[in-house]
Protein chains: 2
Amino acid sequence: MAQKRAEMIEETRAKLISAARAAFATVGYADSSMDELTAQAGLTRGALYHHFGGKKGLLEAVIAQIDAEIFGRLAVIVEEAESTWDGFVQECIGYIKMAVEPEVQRIVLLDGPAVLGDPSQWPSQNVCIVNTRRSLQKLIEEAVIRPVDPLATARLISGALLGASLWIASADDPRAASEKAVQGFLVLVAGLRRDTSPAQP
Amino acid sequence: MAQKRAEMIEETRAKLISAARAAFATVGYADSSMDELTAQAGLTRGALYHHFGGKKGLLEAVIAQIDAEIFGRLAVIVEEAESTWDGFVQECIGYIKMAVEPEVQRIVLLDGPAVLGDPSQWPSQNVCIVNTRRSLQKLIEEAVIRPVDPLATARLISGALLGASLWIASADDPRAASEKAVQGFLVLVAGLRRDTSPAQP
DNA sequence: TCATTTACATACACTTCGTATGTGAAAAAT
DNA sequence: ATTTTTCACATACGAAGTGTATGTAAATGA
């Protein structure tokens with residue numbers, strides 16, 4: 001019952017992040033009141049400022065947590081893939097599916113960039129960009145794709161995935177939209193491949 | 001000297017939008033004070049609420065204006081193109097260049113989506129998406145590219161361009177980054193083409 | 001000419017944020 | 001074991017900023 005001090009502290013941090021996630025996801029960052037948010041966690045703004053330095057710091061922590069979760073989920077997908085190329089494609093498709101979730105969309109894709117600026121500069125490093133970049137580099141080494149700049153192309157691709165996700169989320173029929181987006185994506189990335197095989201049927 | 005009433009009104013609107021553009025572009029939407037902004041235009045918040053209904057409405061008006069300007073600039077590029085495909089590619093590249101401008105980036109690409117939500121739902125309709133969609137449709141009709149879903153693919157592409165722009169803007173060497181991004185982009189959209197010709201050298 | 005609408009300004013109440021300061025408990029030092 | 005220091009938070013306060021409600025003078029219309 002008697003918890004260690006470090007555990008208590010970690011728990012308060014977790015409670016704040018959890019409350020913030022809920023608040024940010026539902027009403028957005030700008031309309032989230034720190035007083036309300038902290039009260040929801042059974043604390044006050046004092047704790048928030050102590051641990052995160054302010055509202056922005058809390059957002060960073062929330063995004064880092066979500067990013068880590070996405071990273072874990074994507075890792076599973078990549079491990080199950082048969083080839084580097086397949087892993088790359090599946091990972092991108094997986095990212096689209098995750099980015100459609102309201103929480104991810106609102107916090108990481110919309111509010112995040114507006115408040116914290118370009119995602120590639122975040123401490124948590126936007127998972128999508130980093131993963132895609134690594135995949136591309138490997139694919140170039142394996143001579144599967146043309147020798148494009150990995151970072152630039154990773155940014156292009158992650159942007160494309162983001163755009164698709166926003167569209168899917170606000171579409172009348174998200175399922176159908178998702179399928180169309182994936183097909184379009186496959187056609188686009190087919191351009192990367194050295195062999196000029198047409199996009200898969 | 002004595003201006004017509006309608007002209008005066010239009011002038012106040014223009015002054016407000018102009019002041020807002022400057023404020024939003026420099027300190028961002030969230031940190032722009034309506035009191036300051038309106039004072040800069042020689043007015044008060046009363047005028048702002050009267051004409052635009054609030055801060056959000058003002059942002060919408062600013063984005064609409066910027067979007068219209070971009071539209072005009074892109075139209076010139078497209079007109080000068082030799083083919084539909086060339087026009088499409090040049091338009092996209094032109095969009096990247098414009099999206100790198102700090103004003104466009106901060107207001108339209110970062111704050112816009114966070115405050116107003118998905119760009120495709122905006123009244124001003126994000127220029128990039130609409131134009132790209134139209135180009136794609138034409139290219140499909142001309143049988144230049146594969147029969148992808150025009151809207152879905154337009155969202156993918158506009159997202160990619162946005163991602164590239166954000167990256168270029170925050171890169172150490174924006175000029176070099178821009179070139180790399182364009183090359184990557186060309187490789188990607190080459191995947192759309194029916195003929196399997198490799199990306200241009 | 002008088003009523004009404006329009007285009008703004010002013011005033012006020014409310015929320016929110018950052019900081020400065022306070023406090024009790026744990027950890028460290030002696 | 002006692003004292004001192006640090007830490008993890010809470011409380012209090014001041015400064016902005018926002019939305020609304022109201023005021024007003026000029027322009028419009030009958």
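We name chains A, B, ... by the order of the sequence lines, and we start the count at 1 in each one.
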Between Asn131(B) and Glu91(B): side-chain donor-acceptor atoms closer than 3.5 Å
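There is such a pair (donor and acceptor under 3.5 Å, judged by atom type) between the side chains of Asn131(B) and Glu91(B).
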
field: Any donor-acceptor N or O pair under 3.5 Å, side chains Gln105(B), Ser165(B)
entry: no

Nearest to the side chain of [X], which nucleotide is it out of [options]?
X        : options                   : answer
Ile9(A)  : dC8(C), dA8(D), dT19(C)   : dA8(D)
Ala47(B) : dA9(C), dT20(D), dC9(D)   : dA9(C)
Tyr49(A) : dT20(D), dA7(C), dC17(C)  : dC17(C)
Leu43(B) : dT18(D), dA9(C), dA8(D)   : dA9(C)
Arg45(B) : dT20(D), dA8(D), dG18(C)  : dT20(D)
Lys55(A) : dA10(D), dC17(C), dT18(D) : dC17(C)

Q.
For dA7(C) and Thr12(B) - does any side-chain N or O of the residue sit under 4.0 Å from the phosphate oxygens OP1/OP2?
A.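 Checking dA7(C) against Thr12(B), no side-chain N or O comes under 4.0 Å of OP1 or OP2.
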
Looking at dC8(C), I'd like to know if its phosphate oxygens (OP1 or OP2) sit under 4.0 Å from a side-chain N or O belonging to His51(B). yes

**OP:** Using a 4.0 Å heavy-atom cut-off across all strands, classify Ser33(B) as base, sugar-phosphate, or nothing.
**Re:**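 Answer is sugar-phosphate: Ser33(B) comes under 4.0 Å of backbone atoms only.
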
Under 4.0 angstrom, heavy atoms only, what part of the nucleic acid is Ser32(B) near: base, sugar-phosphate, or nothing?
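The answer is sugar-phosphate, as Ser32(B) gets under 4.0 Å only of primed atoms, P, OP1 or OP2.
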
Could you tell me how far apart [X] ([atom1]) and [N] ([atom2]) are, to the nearest whole angstrom?
X        : N       : atom1 : atom2 : answer
Leu37(A) : dG18(C) : CG    : P     : 13 Å
Leu48(A) : dT16(C) : CG    : P     : 14 Å
Leu58(A) : dG18(C) : CG    : P     : 11 Å
Met8(B)  : dA7(C)  : CE    : P     : 12 Å
Glu10(B) : dT6(C)  : CD    : P     : 17 Å
Asp35(B) : dT10(C) : CG    : C1'   : 11 Å
Lys56(B) : dG17(D) : NZ    : P     : 20 Å
Arg13(B) : dT6(C)  : CZ    : P     : 15 Å

message: Just to verify, what does Glu179(A) make a side-chain hydrogen bond (donor to acceptor under 3.5 Å, both in side chains) with, not counting sequence neighbours?
response: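 Testing Glu179(A) for side-chain hydrogen bond (donor to acceptor under 3.5 Å, both in side chains), a comparison that skips the adjacent residues, returns none.
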
Residue pair Gly46(A)/His50(B) against DNA chain C: nearer the 5' end by closest nucleotide is His50(B)

Problem - Given DNA chain D, 5'-ward residue of the pair Ala30(B) and Thr44(A), judged by closest heavy atom - result: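 Of the two residues, Thr44(A) wins.
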
Which side-chain N or O atoms in residues 33-47 of chain B pair as donor and acceptor under 3.5 Å with protein atoms at least two apart or in another chain?
unit_1   : atom_1 : unit_2   : atom_2 : d
Ser33(B) : OG     : Asp35(B) : N      : 3.3
Ser33(B) : OG     : Glu36(B) : N      : 3.2
Asp35(B) : OD1    : Arg45(B) : NH1    : 3.2
Asp35(B) : OD2    : Arg45(B) : NH1    : 3.3
Thr38(B) : OG1    : Met34(B) : O      : 2.7
Thr38(B) : OG1    : Asp35(B) : O      : 3.0
Thr44(B) : OG1    : Gly46(B) : N      : 3.3

Report the distance from atom CD of Gln125(B) to atom CG of Asp67(B), rounding to the nearest 0.5 Å.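 Rounded to the nearest 0.5 Å, the CD-CG separation comes out at 9.0 Å.
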
